[in-house]
Amino acid sequence: MALALNAENELLKDLNEPQKEAVLHGDGPLLVLSGAGSGKTRVITRRVAHLVRFRGVFPWRILAVTFTNKAAREMRERLVQLLGPQAHELVVSTFHSSSSMILRRALKDPKLVDHKVAELMGLTPSFVIYDDGDQLQLIKRAMREARVDPIMQPREILHRIDGEKNAARLPDQMVVDVDDARGVVVQKTYHAYQKLLRAANAVDFGDLLLLLVALLRQRPDVLEQYQKRFRHILVDEFQDTNPVQYELLRLLAPPERRPNLVVVGDDDQSIYRWRGASVDNILDFPEHFPGARVVKLEQNYRSDQNILDAAHAVIRRNSRRMPKKLWSDRPKGDNLTLLLNRDERAEAQEVARRIHGLQREGFIKYSGMAVFYRTNAQSRVLEEAMRLARVPYTLVSGRSFYDRAEVRDAAAYLRLMVNPRSDADLLRIINTPARGIGDTTVERLVDFANQSGVSLYEASAAPERIAGLNTAAVRRLSGFHALVSSLHAFAQESQDAASAVDQMLKETHLVESLQTEGSDESMTRAENLREFLGAAQEFDLNRAAAAVAASTVGDGDAAPVPPEEADLDMSPLTADIPPLNAFLEQISLVGDADAEVGEGRVALMTLHAAKGLEFDAVFITGMEDGVFPHSRALHGGESEDGGEEMAEERRLCYVGFTRARRRLFVSLAQCRSLFGELRYNPPSRFLAEVPQELFGIAEQELPPAPKEAPFTKKKRNWADEDDGPRVDRTYSQAAEGEGIGGDVRGMRVRHEQFGMGRIISADGQGPNAKVTVDFGGQVGLKRVIARFLLPG
DNA sequence: GGCTGCGTACAGGGC
DNA sequence: GTACGCAGCC
């Protein structure tokens with residue numbers, strides 16, 4: 001007992017009072033309002049550990065839902081540290097991932113073979129998950145088949161359908177006015193699109209949640225099973241839940257039963273409105289769950305006060321937020337640094353140079369630094385600059401590896417192996433590698449399949465029945481059908497993912513066809529396919545390890561399950577999913593997990609991807625109106641705070657600022673290439689909202705607020721600048737590599753041929769200035785043109 | 001039937 | 001700048 005008590009103290013000792021309150025909260029709903037850096041993950045993981053260790057809750061009774069895979073992975077790791085192998089019995093996953101697993105189990109359940117849920121008709125446990133690209137293809141096909149007026153772009157229709165799904169509305173539940181021609185188009189396409197998905201034994205991301213809600217609503221027996229099992233549900237990042245996710249929670253944890261539902265979130269960090277998240281979910285939680293307790297976490301453990309002040313200055317302009325203000329007992333810390341640059345290339349170079357500087361000072365390691373940007377399109381030039389400056393970096397983009405064409409081809413084959421009905425996958429690879437099945441043949445195949453109401457795979461079984469095909473086409477089609485059929489048969493028998501991938505690569509000759517091509521690029525792609533096989537092998541190993549871990553716990557120490565719950569399924573949700581299906585599931589939902597570990601590397605990512613992370617030094621690039629805040633938010637309404645879109649950009653800025661522990665650099669470029677044209681954007685309005693003294697600039701003005709838009713003047717060159725605001729120090733240093741400006745004597749520079757050196761004197765300004773540099777040693781003094789120098 | 005080259009539309013974030 | 005679709009040629 002003493003030991004246990006000690007351990008309990010151990011679990012609580014470094015928590016503050018509100019954190020303890022949340023961890024120890026007994027039964028019933030709880031809302032934890034947690035500001036940035038207030039230790040929210042710690043609260044969730046400790047609470048889970050406490051439930052298991054000291055309140056006798058079986059791990060398999062706990063469902064912890066996060067919003068992103070990264071968050072789920074981190075939470076799982078921390079729980080393994082706290083609980084050991086027992087943690088593998090917990091269900092810790094994203095909404096999409098757990099929904100998918102529950103759906104698959106239900107479709108497999110013999111008692112549910114005739115489930116009579118209309119929305120699920122056509123789905124088997126081997127359904128595949130279509131991504132955005134597949135979705136768009138299918139929308140185009142649905143538009144054709146529904147013969148809708150082409151008054152809308154497919155992409156826009158897809159966006160609207162996604163919106164309907166996020167709002168938990170099926171095609172029939174759409175609210176459409178009869179005179180709303182566009183609404184009618186969306187609804188008709190939505191109907192046809194769902195039909196095509198079911199015919200292909202496929203779902204999209206939205207379906208995962210929507211169909212589960214449909215199932216749980218129509219099958220009380222299934223609902224009860226999960227209500228009974230999950231006695232404790234914890235939701236992270238609750239501010240980002242959308243209506244269909246909220247509905248799912250309310251089904252599993254009905255408000256009137258005072259469920260043990262703990263939701264944790266921060267309305268100031270709600271940044272997913274664009275994909276249907278509703279801040280109201282968190283704002284109205286206490287009303288929806290009567291008797292809910294509310295705990296506020298306002299002490300920040302992460303950032304120096306200056307950074308918190310800056311973040312607060314921005315976020316306080318939003319009108320609709322829950323009252324709270326972060327505080328910290330940490331010191332004021334360093335000033336924020338504003339980097340003004342000529343263009344995005346200069347910006348990227350300056351960031352790389354600053355990173356070098358911080359690293360050389362020795363206080364901050366590469367892995368403690370991150371560079372954020374608003375849109376993915378900004379990442380390329382940053383990457384180039386990092387490579388040139390030899391800064392080790394990791395691009396945290398989620399799933400770059402699985403987005404490569406050859407890897408997607410391989411994945412398409414795998415998906416056909418488990419689900420030959422998947423037309424989108426079949427169309428993708430029917431002629432990859434080239435096997436003489438061209439557009440004409442495919443078109444005839446598609447027509448035939450449509451007329452007969454079968455899948456393309458089934459249609460290809462008897463190609464001689466397809467009108468218009470010559471004997472060569474018939475022969476090739478039947479060869480292709482034999483290939484898929486053989487792979488499908490193999491998949492039925494295979495015991496692990498790797499052997500299935502191996503067999504697929506063998507039979508399809510994907511690797512050989514790339515190797516015969518012989519180009520450097522094709523060799524890289526062949527290498528990627530081998531890496532894909534490696535990923536499958538690693539997946540098998542992890543799965544085996546997890547299975548062992550799960551089976552070794554709970555053998556001796558399991559308390560009896562109450563008799564009325566004797567038939568309760570306590571197995572991991574992944575338990576009976578065949579390995580190949582599980583591997584595909586991971587590819588679809590999780591992406592490239594390995595890309596995210598970047599030991600000794602600077603992290604490059606979007607602001608959205610940054611949520612939940614922290615770094616000693618943070619660079620936020622592209623601080624310009626039109627980039628950040630994004631141009632779409634600029635014209636969003638006439639209200640004081642710029643409308644809901646602008647409010648969301650502001651929250652995103654708040655998220656970005658509060659990732660920094662000690663150093664925060666904000667950077668902008670006077671002009672930048674966007675959409676292939678040169679744009680002159682005014683400085684971000686968020687910069688003007690930060691008090692100047694936080695930048696350590698007292699007498700000089702910051703860039704004026706966007707209304708005056710000083711940088712929008714065309715053809716303005718930084719070197720010509722003689723009036724208006726400027727920050728000399730950053731200007732001159734930013735200019736290196738692109739030329740020089742200001743007093744550069746003594747500055748460290750690098751030359752491709754001569755190496756490192758120090759500037760002695762300079763003759764002239766800008767890129768063509770002649771500079772005398774002391775390179776030391778054998779090289780000595782050299783006269784070089786400034787544009788050939790790199791930041792030291 | 002397959003390939004190349006040109007033109008157009010496009011890029012907001014992620015499960 | 002990139003991705004896709006289409007026309008025209010082999």
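Naming convention: chains lettered A, B, ... in sequence-line order (proteins, then strands); numbering from 1 in each chain.
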* To do: Give a yes/no on whether any side-chain N or O of Thr441(A) is located under 4.0 angstrom from OP1 or OP2 of dG1(B).
  => yes
* To do: Quick one: label Phe67(A) by what it contacts on the DNA or RNA (base, sugar-phosphate, nothing), any heavy atom closer than 4.0 Å.
  => sugar-phosphate
* Asked: For the side chain to side chain contact (heavy atoms under 4.5 Å, CB included) test, which of Ile233(A), Val65(A), Ile102(A), Leu573(A) pairs with Val91(A)?
  -> Leu573(A)
* Asked: Touch check for Arg155(A), heavy atoms < 4.0 angstrom, all strands: base, sugar-phosphate only, or nothing?
  -> sugar-phosphate
* Look at the aromatic rings of Phe532(A) and Phe583(A) and report parallel, tilted or perpendicular, splitting at 30° and 60°. => tilted
* To do: Give one of base, sugar-phosphate or nothing for Ser631(A), where a contact means two heavy atoms less than 4.0 Å apart.
  => nothing
* Asked: Any chance CZ of Arg465(A) has more than 12 other-residue heavy atoms, nucleotides or ligands included, within less than 6.0 Å?
  -> no
* Can you check whether His608(A) stacks with the dG12(B) base, using ring centres under 5.5 Å and planes within 30°? -> no
* Donor-acceptor pair under 3.5 Å: do we get one between Trp274(A)'s side chain and the base of dG12(B)? -> no
* Ring centre gap for Phe686(A) and Phe657(A) strictly below 6.0 Å -> no
* Structure fact -> Checking dC15(B), dG12(B), dG2(B) against the side chain of Thr375(A) (C-beta onward), the nearest is dG12(B)
* His159(A) NE2 - dG14(B) C1' separation (whole Å) -> 14 Å
* Structure fact -> Taken to the nearest whole Å, CD/Glu677(A) to P/dT2(C) is 17 Å
* **Options dG13(B), dG1(B), dA11(B), nucleotide nearest the side-chain atoms of Thr440(A)** => dG1(B)
* In chain order, what residues pass the ring-ring contact (aromatic ring centres under 6.0 Å, His included) check against Tyr246(A), with sequence neighbours excluded? -> Phe238(A), His288(A)
* Under 4.0 Å: is that the gap between some side-chain N or O of Gln245(A) and OP1 or OP2 of dC15(B)? -> no
* Asked: Any idea how Trp274(A) and Tyr272(A) line up, ring-wise: parallel (<30°), tilted (30 to 60°), or perpendicular (>60°)?
  -> tilted
* Counting side-chain heavy atoms from CB outward, which of dG13(B), dA11(B), dG5(C) is closest to Phe675(A)? -> dA11(B)
* To do: Would you classify Ser673(A) as touching base, sugar-phosphate or nothing, given that sugar-phosphate means primed atoms plus P, OP1 and OP2, and contacts are heavy atoms under 4.0 Å?
  => nothing
* Hey, does Gln153(A) reach any base, or is it just sugar-phosphate, or nothing, if we go heavy atoms under 4.0 Å? -> sugar-phosphate
* So does Arg380(A) get a side-chain nitrogen or oxygen closer than 4.0 Å to the phosphate oxygens (OP1/OP2) of dA11(B)? -> no
* Closest-nucleotide ordering on DNA chain B, the 5'-leading residue of Tyr272(A) and Ala434(A) -> Ala434(A)
* Asked: If you look at every strand shown and take non-hydrogen atoms under 4.0 Å, does Ile437(A) touch a base, only sugar-phosphate, or nothing?
  -> sugar-phosphate
* Which nucleotide sits closest to the side chain of Asn376(A): dC15(B), dG13(B), dA11(B)? -> dG13(B)
* OP1, OP2 of dG12(B) versus side-chain N and O of Arg632(A): anything below 4.0 Å? -> yes
* Closest to side chain of Phe205(A), choosing from dG14(B), dG12(B), dC15(B) -> dC15(B)
* **Minimum-distance nucleotide to Thr94(A) side chain [options: dA11(B), dG14(B), dC15(B)]** => dC15(B)
* Using only side-chain N and O atoms of Ser97(A), determine if any of them is under 4.0 Å from OP1 or OP2 of dC15(B). => no
* Of the nucleotides dG13(B), dG5(C), dC15(B), which one has an atom closest to the side chain of Lys140(A)? -> dG5(C)
* To do: Could you tell me whether Asp132(A) contacts a base, only the sugar-phosphate backbone, or nothing, with contacts defined as non-hydrogen atoms closer than 4.0 Å?
  => base
